[in-house]
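Written below as structure tokens is the structure these notes are about.
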Amino acid sequence: MKQITEEISSWITPKDLSDQQSKFVYQGERNITKQGFDSCSTSMLPINSVLMSSRAPIGLVSIAKNDVCTNQGFKSFIPKKMEDSIYLYYYIKHHIKQIA
């Protein structure tokens, strides 16, 4: 996992996914500073990570198009290739009732 190197990075919450119509998420409503990052248990997720909300609302899925941080309301997957991210996105969407 990458370490946060900039002063401010995109902070994604389940609410951010509930407001979007695309399978991709570029940024959240809020950002996290380096100080905030250092004070919590989040980690930097790389581009093309697949994000799945595990807290209300449960079962929202998206692919990160930038390096992002998430709150504790996510289970995140880091595929090796973009094609794997897209496959995983659709797999989770199709099987969300069994997963959630």
Side-chain angles (χ1 to χ4, degrees):
M1 302 241 184
K2 293 183 179 183
Q3 290 297 315
I4 192 166
T5 56
E6 300 171 7
E7 281 302 307
I8 298 177
S9 291
S10 195
W11 176 255
I12 307 296
T13 68
K15 181 184 180 306
D16 295 318
L17 300 191
S18 67
D19 293 340
Q20 72 176 29
Q21 301 299 314
S22 170
K23 70 175 156 252
F24 301 111
V25 62
Y26 293 85
Q27 66 183 52
E29 185 177 304
R30 298 166 44 195
N31 292 315
I32 187 169
T33 63
K34 180 156 178 30
Q35 180 181 8
F37 179 87
D38 291 340
S39 70
C40 68
S41 63
T42 192
S43 54
M44 183 64 70
L45 298 166
I47 293 171
N48 297 324
S49 294
V50 178
L51 315 175
M52 181 185 79
S53 64
S54 58
R55 295 190 179 180
I58 296 172
L60 300 175
V61 184
S62 192
I63 300 171
K65 293 312 291 175
N66 292 307
D67 292 343
V68 299
C69 295
T70 62
N71 72 3
Q72 68 276 14
F74 284 93
K75 301 297 180 201
S76 301
F77 308 89
I78 305 172
K80 292 184 181 187
K81 298 183 288 188
M82 178 60 186
E83 295 82 13
D84 295 338
S85 295
I86 293 171
Y87 174 83
L88 186 56
Y89 170 86
Y90 284 110
Y91 183 89
I92 292 170
K93 293 283 279 187
H94 182 76
H95 295 285
I96 197 62
K97 289 184 181 178
Q98 293 95 335
I99 295 169

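Cluster membership check: Met52 shares its hydrophobic cluster with Ile63, using side-chain heavy-atom separations under 4.5 Å among Ile, Leu, Val, Met, Phe, Trp and Tyr.
Using modelled atom types, one side-chain atom of Asp16 and one backbone atom of Thr13 make a donor-acceptor pair closer than 3.5 Å.
Considering all non-hydrogen atoms of both residues, Phe37 and Met44 come closest at CE1-N, 3.8 Å. Looking at every heavy atom in both residues, Ser10 comes nearest to Gly28 through OG-N, 3.0 Å. Ser18 and Pro57 get closest at one heavy-atom pair: CB-CG, 4.1 Å.
With rounding to the nearest 0.5 angstrom, the CG atom of Asn31 is 8.5 Å from the CD1 atom of Ile12.
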Residues 68-78 side chain polar contacts: donor-acceptor under 3.5 Å, at least two apart:
| residue | atom | partner | partner atom | Å |
| --- | --- | --- | --- | --- |
| Asn71 | OD1 | Gly73 | N | 2.9 |

Side-chain donor-acceptor contacts of residues 81-91 below 3.5 Å, not counting sequence neighbours, with atom names and distances?
| residue | atom | partner | partner atom | Å |
| --- | --- | --- | --- | --- |
| Ser85 | OG | Asn48 | O | 2.5 |
| Tyr90 | OH | Lys23 | NZ | 2.9 |

Side-chain donor-acceptor contacts of residues 93-100 below 3.5 Å, not counting sequence neighbours, with atom names and distances?
none

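Counting heavy atoms from C-beta on, the side chains of Ile32 and Cys40 come closer than 4.5 Å.
A donor-acceptor contact closer than 3.5 angstrom links the side chains of Gln20 and Ser62.
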Apply the test side-chain contact (heavy atoms from CB on, under 4.5 Å) to residues Val25 and Leu17: give CA-CA distance (whole Å), side-chain angles for both, the deciding distance (0.1 Å), then the verdict.
CA-CA 7 Å; Val25 62; Leu17 300 191; 4.1 Å; yes
Decide side-chain contact (heavy atoms from CB on, under 4.5 Å) for Val61 and Val50; before the verdict, give the C-alpha distance in whole Å, the side-chain angles of both, and the deciding distance to 0.1 Å.
CA-CA 7 Å; Val61 184; Val50 178; 3.9 Å; yes
